[in-house]
There are 2 protein chains.
Amino acid sequence: MSGPAFKNWQTIQDEVLRRIHAREWPPGHVIPGEVALAREFGCARATVNRALRALADAGILERRRKAGTRVALHPVSKATVDIPVIRREIEDRGRAYDYRLLTRETAPPPPRVQAELGLNGAAPCLHVTALHSADGAPYVHEDRWISLATVPQAAEADFTTVSANEWLLTTAPYTHGDITFAAEGAAHPAAEILTCPEGTPVFVIARITWDHGRAITTVRLTYAPGYRVRSEIGPATL
Amino acid sequence: MSGPAFKNWQTIQDEVLRRIHAREWPPGHVIPGEVALAREFGCARATVNRALRALADAGILERRRKAGTRVALHPVSKATVDIPVIRREIEDRGRAYDYRLLTRETAPPPPRVQAELGLNGAAPCLHVTALHSADGAPYVHEDRWISLATVPQAAEADFTTVSANEWLLTTAPYTHGDITFAAEGAAHPAAEILTCPEGTPVFVIARITWDHGRAITTVRLTYAPGYRVRSEIGPATL
DNA sequence: CCTGCCATTATGTCTAGACATATATACCTG
DNA sequence: CAGGTATATATGTCTAGACATAATGGCAGG
C-alpha cells in the first residue's frame, strides 16, 4: 500500500464519494465516525469534518449527533439555480440588452397582490411594468408591485433608464425570498408585448422578496417562448 | 458598549449581514480582512473564515486571495431547488402515489438522444415511458432513455413496480448532472396520457445524469398542467 | 511607456486539542 | 412492561498557530 496521502479535505471527500459509489457504503449505511476516519486517513478530525459536512450539505450524507453519519437513502439532489439581474443574464449570453419602461403608476394593489405582500387595503403600492429585450427581440415582460411602505424611496425613482429589477437589488436588498417556476399560457398584456399569440406556452417566474418580514416587492416575469432555465446538479454543485 | 459577544460563526455571519444591509458596507466595498475582523469580534480567525466562507457560498460576498473580500456588486441570488424522487414528492404532499409502466423496449435511440448521451449509433439503449399519478390524477409523464453501456443491469429490471426514476437513483448513482426547466405545449404521447389537449402549456424538466463522464440516462418529465416548482432564496438558503 | 519579475498580503487549509450539545441507548423505577 | 432518567458517544464548534497558495501592485529593466 503506497499511502494514498489523504492530505486535504477534498481528497477525503473524493474517497468517501468513491466508497459510496462503489457500494462499499451502500445507501443507509452508517459510516465510521470522524475519529476513526481521521485515524485511517492520517489527518486531523477537523479535516474529515470539513469533507463530511460538505457532503451533508450536498444531500449525499445525513448526519446526526450521537447517531453518526449515514449515506442518504434518498439522495435528494439539489439544483442551485442562479437568479441574476436580467440585464446581466442577457449580456452574459453575448446579446445586446435593451430595456423599456411600459407603465408606472401608484395604485392600491389588487387583492391577490395585497395578500402576497401581507398588506391591508390602504397601503399604497407602485405598479411598474417593463419589457427587457435581447438583440431587439422581446425577452421577458416584468410586472411588478413595490410596497411603498417598505421602500418609500421607490416613489422618487423613475425606472426609465434603470429597471426596477436592478434598482431594487442595489437599493433595497432583501433578507429572503420566495420563487416559483411555472408554465402558463401567455395572457392579455404580456402576450402582445412579447409578440406571441395568447395561450402560447410561456415560462413564468413569480418572486416575492422580504426584508426582515416586511414585504418589498412581488414580481411576475413572463419570458418569451423558448426560454429555459438551466442548472447543474450533483456533488460538485456545492 | 457591552461586548456583544460574537462567540460563534453564525453570530458573526448575522453581524456581517447586518452591516451589508445597513449600507455600512455597500455593494462593491472591500471589507476588513479576516485577522482584523477576528480581532474586532474577539474570536479566532478560523471562526471569521467560517462565517465569511458561508456568505461567499451564498453569493453575498466575493472572495479572492490577496484581493480580499468584497460585498458582491450583483447579489446573484441562488435558489436551491430540491429534486426528490417523484414518489416522495407526491407522498410528501400528502397525496396517494400511483405508478404505471407504459412502455419498455430496447432500441437504438434517436439522434437527439444519441447526442445527449454522447453515444455512437450502435449503442443499445433502454427506452422506458411511465406515468406517475397523485390521488389517481395524472401527475407527470416520464420519458426516459437509459444507456445500457453504462448501466447493463437495467436490462434485467422490469420497472413494473419500481419506477426507473427510483431504481436508477438507488442502483446507478450519478456523479453529476444537468437539468433544464422549460414551458412547452403538450405534445403527442404525453398530452393524451396527461389527459389534456395538445398544446396545453405544461412544465417540462429535462435531465441528463452522468457517472464520471459516462452518460447514464436522459429523461423528459412532462408535468400535468398547473405544476409549479417552488423554492426559497436568500442567505438563509444555505 | 511597456513588460516581466517579485515581494507582500489576504485567503485557504491543516493540526491538535478542548469544550458544547444533542441524543440513542442502557438502566432504573413504578 | 411502560416510562422516565442517566450516561456514553458522535457530531458541532472554537482556539491558536502554522504553512500553502495565489494574485496584486510596485519596481526594475528594456
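Protein chains get the first letters and strands the later ones, always in sequence-line order, with residue 1 at the start of each. Heavy atoms only: backbone and side chains are in, while hydrogens, waters and symmetry mates are out.
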_Whole-Å gap separating P (C:dG12) and CD1 (A:I12)_ = 19 Å
_B:R65 CZ - C:dT9 C1' separation (whole Å)_ = 12 Å
_Taking the minimum atom-to-atom distance to the side chain of A:A44, which one of C:dA24, D:dC14, C:dT15 wins?_
C:dT15
*Rounded to whole angstroms, how far apart are CD1 on B:I31 and C1' on C:dT11?*
12 Å
*asked:* When you measure from the side-chain N and O atoms of B:T69 to the phosphate of C:dT11, is any distance below 4.0 Å, counting only OP1 and OP2?
replied: yes
*To the nearest angstrom, how far is B:L52 atom CG from C:dT11 atom P?*
8 Å
*Of A:P32 and B:G42, whose nearest nucleotide on DNA chain D comes first from the 5' end?*
A:P32
*C:dA16, D:dT9, C:dT13: which one has an atom nearest the side-chain heavy atoms of A:N8?*
C:dT13
_Counting only side-chain nitrogens and oxygens, does B:R45 get under 4.0 Å of the OP1 or OP2 atom of D:dT15?_
no
*Please state whether the rings of B:W210 and B:H176 are parallel, tilted or perpendicular, taking 30° and 60° as the class boundaries.*
parallel
*D:dT13, C:dA16, C:dG12: which one has an atom nearest the side-chain heavy atoms of A:R53?*
D:dT13
*Go through the side-chain N and O atoms of B:Y99 and B:E166 and say whether any donor and acceptor fall under 3.5 Å apart.*
no
_5'-most by nearest nucleotide on DNA chain D - A:A67 or B:A67_ = A:A67
*Options C:dT15, D:dG12, D:dA16, nucleotide nearest the side-chain atoms of A:C43*: C:dT15
*asked:* Closest approach to the side chain of A:K66, judged atom by atom: which nucleotide of C:dT23, D:dT11, C:dT11 is it?
replied: C:dT23
_Distance test, side-chain N/O of A:T47 to OP1/OP2 of C:dT13, below 4.0 Å_ = no
_Under-4.0 Å side-chain N/O to phosphate OP1/OP2 contact, B:R64 with D:dT24_ = yes
*5'-most by nearest nucleotide on DNA chain C - B:V35 or B:A46*: B:V35
_B:R70 CZ to C:dT11 C1', straight-line distance once rounded to whole Å_ = 15 Å
_Candidate nucleotides C:dA22, D:dT13, C:dT13, ranked by approach to the side chain of A:R50 - the nearest_ = C:dT13
*Side chains of A:R230 and B:T180: donor-acceptor distance under 3.5 Å anywhere?*
no
*Looking only at side-chain atoms of B:W9, point me to the closest of D:dG12, C:dG12, D:dT13.*
D:dT13
